[in-house]
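So the structure is just underneath, and the comments pick up after that.
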Amino acid sequence: MTVAVAYSDTPRGEAALRAAAEEAVLRGTELSVLNIIAGVDEVETNDPAVEASVAATLADVDGLTWTLYTAPEEFDTAEALLDLAEEVGATLLAIGSRHRTRVGKLLLGSTVQRVLLESSIPVLVVKTT
């Protein structure tokens, strides 16, 4: 079993990563980190810079085992996270959130909203301050 998290090099992505790491340690499970790469159709390997960034963010979390997964931008973030959760047998999904206006959500959609509605497992939504 594992905790799955959507990661981006943003304050909300890092907050979600930290919260997911804490949950994984509390649950005694691994952490599966999903990174979406822009501008490519296929991903063959993980970006070493992203691996280093995740490792630096999680350096002070004792007892954590994590794995980085990468998906191309062509995938919808919500769909990619839900697919990863199913693939790794996740028991919890974590995703960062930011405040958006109602009109912004209507026009642009909401990844968080889609994950909440479509996930068959609990979802931890982390809001940055």
Side-chain angles (χ1 to χ4, degrees):
M1 298 298 174
T2 186
V3 173
V5 61
Y7 171 75
S8 62
D9 190 16
T10 63
R12 73 177 179 272
E14 290 185 7
L17 180 62
R18 297 235 8 123
E22 291 171 10
E23 281 294 323
V25 169
L26 284 172
R27 294 166 182 253
T29 66
E30 295 182 1
L31 178 64
S32 297
V33 181
L34 175 65
N35 180 54
I36 305 279
I37 300 289
V40 297
D41 294 330
E42 287 187 32
V43 177
E44 303 213 2
T45 61
N46 291 324
D47 182 344
V50 173
E51 284 190 54
S53 179
V54 171
T57 301
L58 300 176
D60 63 338
V61 181
D62 294 329
L64 178 67
T65 302
W66 59 273
T67 304
L68 179 64
Y69 296 86
T70 304
E73 185 182 39
E74 72 181 30
F75 285 107
D76 176 271
T77 301
E79 182 180 336
L81 183 58
L82 293 167
D83 287 349
L84 175 67
E86 185 176 325
E87 178 184 323
V88 298
T91 56
L92 177 74
L93 289 174
I95 190 166
S97 179
R98 63 180 170 167
H99 177 74
R100 288 172 112 175
T101 65
R102 290 181 187 190
V103 173
K105 287 180 191 174
L106 177 66
L107 295 176
L108 301 174
S110 171
T111 299
V112 174
Q113 183 178 19
R114 282 204 44 222
V115 169
L116 286 169
L117 292 174
E118 296 178 21
S119 177
S120 61
I121 60 174
V123 178
L124 173 63
V125 178
V126 181
K127 185 176 177 183
T128 57
T129 55

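What you are looking at is a predicted structure, and each value in this text was computed from that prediction instead of being measured. Quick note: residue numbers are just sequence positions, from 1.
Within the 4.5 Å cutoff, the side chain of Val61 has no heavy atoms near those of the Glu22 side chain. Residues Val3 and Val5 fail the side-chain proximity criterion, which asks for heavy atoms closer than 4.5 Å. Considering only heavy atoms from C-beta on, Gln113 stays 4.5 Å or farther from Val125 through its side chain.
With no hydrogens or angles considered, a side-chain donor-acceptor pair links Tyr7 and Ser53 at under 3.5 Å.
When all heavy atoms of Thr111 and Ala78 are compared, the pair lying nearest together is CG2-N, 3.7 Å. In this structure, Ala6 and Ile95 approach most closely via the heavy-atom pair CB-CG1, 4.3 Å. Across all non-hydrogen atoms, the minimal contact from Ala94 to Ala16 is CB-O, 4.3 Å. Between Ile36 and Ala80, the closest heavy-atom pair is CD1-CB, 3.9 Å.
Among Leu92, Thr91, Leu93, the one residue that satisfies the side-chain contact (heavy atoms from CB on, under 4.5 Å) test with Ile121 is Leu93.
Atoms CG and CZ, from Leu58 and Arg18 in turn, are 7.0 Å apart once rounded to the nearest 0.5 Å. For the atom pair Thr2 OG1 and Glu23 CD, the distance stands at 12.0 Å (nearest 0.5 Å). Of the inter-residue distances, the one linking Glu118 atom CD with Glu79 atom CD reads 8.5 Å to the nearest 0.5 angstrom. Taken from OG1 in Thr57 to CD in Glu14, the straight-line distance is 4.5 Å, to the nearest 0.5 Å. Remark: Leu34 CG to Leu17 CG distance equals 11.5 Å, nearest 0.5 Å.
Cluster annotation: Leu31 is not connected to Tyr69 through the hydrophobic network of ILVMFWY side chains, with a link wherever side-chain heavy atoms come within less than 4.5 Å. Under the 4.5 Å side-chain heavy-atom criterion for grouping Ile, Leu, Val, Met, Phe, Trp and Tyr, Trp66 is connected to Val25 within one hydrophobic cluster. Residues Leu81 and Leu124 do not share a hydrophobic cluster, clusters being chains of Ile/Leu/Val/Met/Phe/Trp/Tyr side chains in contact below 4.5 Å. Linking Ile, Leu, Val, Met, Phe, Trp and Tyr residues whenever their side-chain heavy atoms come within less than 4.5 Å leaves Val88 and Val50 in two separate clusters.
In this structure, Leu26 shares a hydrophobic cluster with no other residue, the cluster being traced through Ile, Leu, Val, Met, Phe, Trp and Tyr side chains under 4.5 angstrom apart.
Other residues, nucleotides and ligands place more than 12 heavy atoms under 6.0 Å from the CD atom of Glu87.
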Determine, step by step, whether Leu82 and Glu86 satisfy the side chain to side chain contact (heavy atoms under 4.5 Å, CB included) criterion, reporting the C-alpha distance in whole Å, the side-chain angles of both residues, the deciding distance to 0.1 Å, and the verdict. CA-CA 6 Å; Leu82 293 167; Glu86 185 176 325; over 6 Å; no
